[in-house]
Novice: 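The structure under discussion is supplied below as structure tokens; questions concerning it will follow.
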There are 2 protein chains.
Amino acid sequence: MNPANGPTPDFGIRPGEQAVDLPASPDAGVYFIGRIRTPWTERKDCPKNARASDAVCTVEVEARYAPALKEVETCSHLVLLYWMDKAPRNLVLQTPSHYGIERGTFSLRSPARPNPIALSVVKLLSVDGNKLSVVGLDCLDGTPLLDIKPYFASTDSVPDAVVGWHKRKDERAP
Amino acid sequence: MNPANGPTPDFGIRPGEQAVDLPASPDAGVYFIGRIRTPWTERKDCPKNARASDAVCTVEVEARYAPALKEVETCSHLVLLYWMDKAPRNLVLQTPSHYGIERGTFSLRSPARPNPIALSVVKLLSVDGNKLSVVGLDCLDGTPLLDIKPYFASTDSVPDAVVGWHKRKDERAP
């Protein structure tokens, strides 16, 4: 395991988990285009499921990108991509504490993944200059924002989608 | 406009479009974790709407990350994030040729955005080792893969979401 990519104290490795060596250097770079303001300053306080929280959060877009918000206010819902910069990136098998069974990183929504890009579908309440008020987030206050996209029901909504491992009766619902 | 971030020949700037200076250096790095194999080798051949195509595409995950696919096969649908490395990153207002009206980058799903991370919801057909067969992509052959996530209808599906500008009657459907 590459210590530089090792777990932080909040994300210790658990029995059954597996880490890999990551490449020596990244393939491309991302810009933080703003910050997400939420009520949660510690990981333990974040909602386990974003739909379980009706907290209004604020998305602050950096001034240079403010013109890119034109017509965003016509969207009822948005996809937000943000950077989970406190998570380790080298775990391929993980044992989430609330399940206790190891699963592949790509079958989980854990912030620990090679590219710690989180995705949330949020309801847009209002736009005020370069600030958006939204509902549906579960991240820490100050989380760096990567992208805002309009949510198109025609391509993004699959009401009957199934995550098989999550349906099994011997496991807790999230 | 920073020439280093300027449009490539396939993505020329159009009347009404606006570019900004991007930061001098990125804030974080991403790893390409695999490649997407599609039938399309030129941008003009890519489907305008991924749901309009039933082409089976292949997601090739790099060997080091193969263990991270454990239990992915139990998912009916996945979210794929990939890197649109041929798009300019400095456009904040864009005039898509099929609409002809400038809009903010964050109200569009255009690949041209500060962080050119595209998102597609795909139907998973099968998993064979480190290769996934999926339906629902619209990207060029060889596109770098960033992430695979399970699609949870409970948080990701919003059937009644509306993109207001797209509904206006004086504009073409996608």
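We name chains A, B, ... by the order of the sequence lines, and we start the count at 1 in each one.
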Novice: Under a 4.5 Å heavy-atom cut-off, does chain B meet the side chain of A:Leu146, its backbone, both or neither?
Specialist: both
Novice: Count the heavy-atom pairs under 4.5 Å between each of B:Leu124, B:Val61, B:Asp147 and chain A, then report the option with the highest count.
Specialist: B:Asp147
Novice: Please enumerate all residues that pass side-chain hydrogen bond (donor to acceptor under 3.5 Å, both in side chains) together with B:Arg109, with sequence neighbours excluded.
Specialist: A:Asp156
Novice: Short question: side chain of A:Tyr31, backbone of B:Pro114 - any donor-acceptor pair under 3.5 Å?
Specialist: no
Novice: Can you tell me if B:Asp160 has over 12 outside heavy atoms packed within less than 6.0 Å of its CG?
Specialist: yes
Novice: So, the side chain of A:Thr105 versus the backbone of B:Ala68: is there a donor-acceptor pair under 3.5 Å, distance only?
Specialist: no
Novice: Just verifying a value: how many Å separate B:Arg103 CZ and A:Leu69 CG, rounded to the nearest 0.5 Å?
Specialist: 14.5 Å
Novice: With only heavy atoms counted, which part of B:Ala24 is less than 4.5 Å from chain A, the side chain, the backbone, both or neither?
Specialist: neither
Novice: Please classify the contact between B:Arg113 and chain A as side chain, backbone, both or neither, with a heavy-atom cut-off of under 4.5 Å.
Specialist: side chain
Novice: Identify which of B:Pro116, B:Ala66, B:Pro159, B:Ser107 forms the greatest number of heavy-atom pairs closer than 4.5 Å to chain A.
Specialist: B:Ser107
Novice: Which pair of non-hydrogen atoms, one from A:Pro26 and one from B:Gly29, has the smallest distance, and what is that distance?
Specialist: CB-CA, 3.7 Å
Novice: Flag the pair B:Cys75 / A:Val163 as yes when at least one side-chain heavy-atom distance between them is below 4.5 Å, and no otherwise.
Specialist: yes
Novice: What heavy-atom pair brings B:Lys149 and A:Ile117 nearest, and what distance separates the two atoms?
Specialist: NZ-O, 2.6 Å
Novice: Determine the minimum heavy-atom distance between A:Ser157 and B:Ser157, stating which atoms define it.
Specialist: OG-OG, 2.8 Å
Novice: Under 4.5 Å, heavy atom to heavy atom: which of residues 78-85 of chain B reach chain A? Give them by number, or say none.
Specialist: B:Val79, B:Leu81, B:Trp83
Novice: Under a single-linkage definition using a 4.5 Å side-chain heavy-atom cutoff for Ile, Leu, Val, Met, Phe, Trp and Tyr, are B:Val122 and B:Leu140 assigned to the same hydrophobic cluster?
Specialist: no
Novice: Shortest non-hydrogen contact from A:Leu93 to B:Lys70?
Specialist: CD2-CD, 3.6 Å
Novice: Would you say B:Val127 ends up clustered with B:Ile33 if hydrophobic residues are merged whenever their side chains have heavy atoms under 4.5 Å apart, either directly or through other cluster members?
Specialist: yes
Novice: Answer with side chain, backbone, both or neither: which region of B:Glu102 has an atom nearer than 4.5 Å to a non-hydrogen atom of chain A?
Specialist: both
Novice: Please look at B:Leu108 and chain A and tell me whether the side chain, the backbone, both or neither of the residue comes under 4.5 angstrom of a heavy atom of that chain.
Specialist: backbone
Novice: With heavy-atom distances below 4.5 Å as the criterion, would you say the side chains of B:Phe32 and A:Asn115 are in contact?
Specialist: no
Novice: Which atoms form the tightest heavy-atom contact between A:Phe106 and B:Pro150, and what is the distance?
Specialist: O-CD, 3.5 Å
Novice: With a 4.5 Å cut-off on side-chain heavy atoms, are A:Leu22 and B:Tyr65 touching?
Specialist: yes
Novice: How far apart are the closest heavy atoms of A:Val92 and B:Arg64, and which atoms are they?
Specialist: CG1-O, 4.1 Å
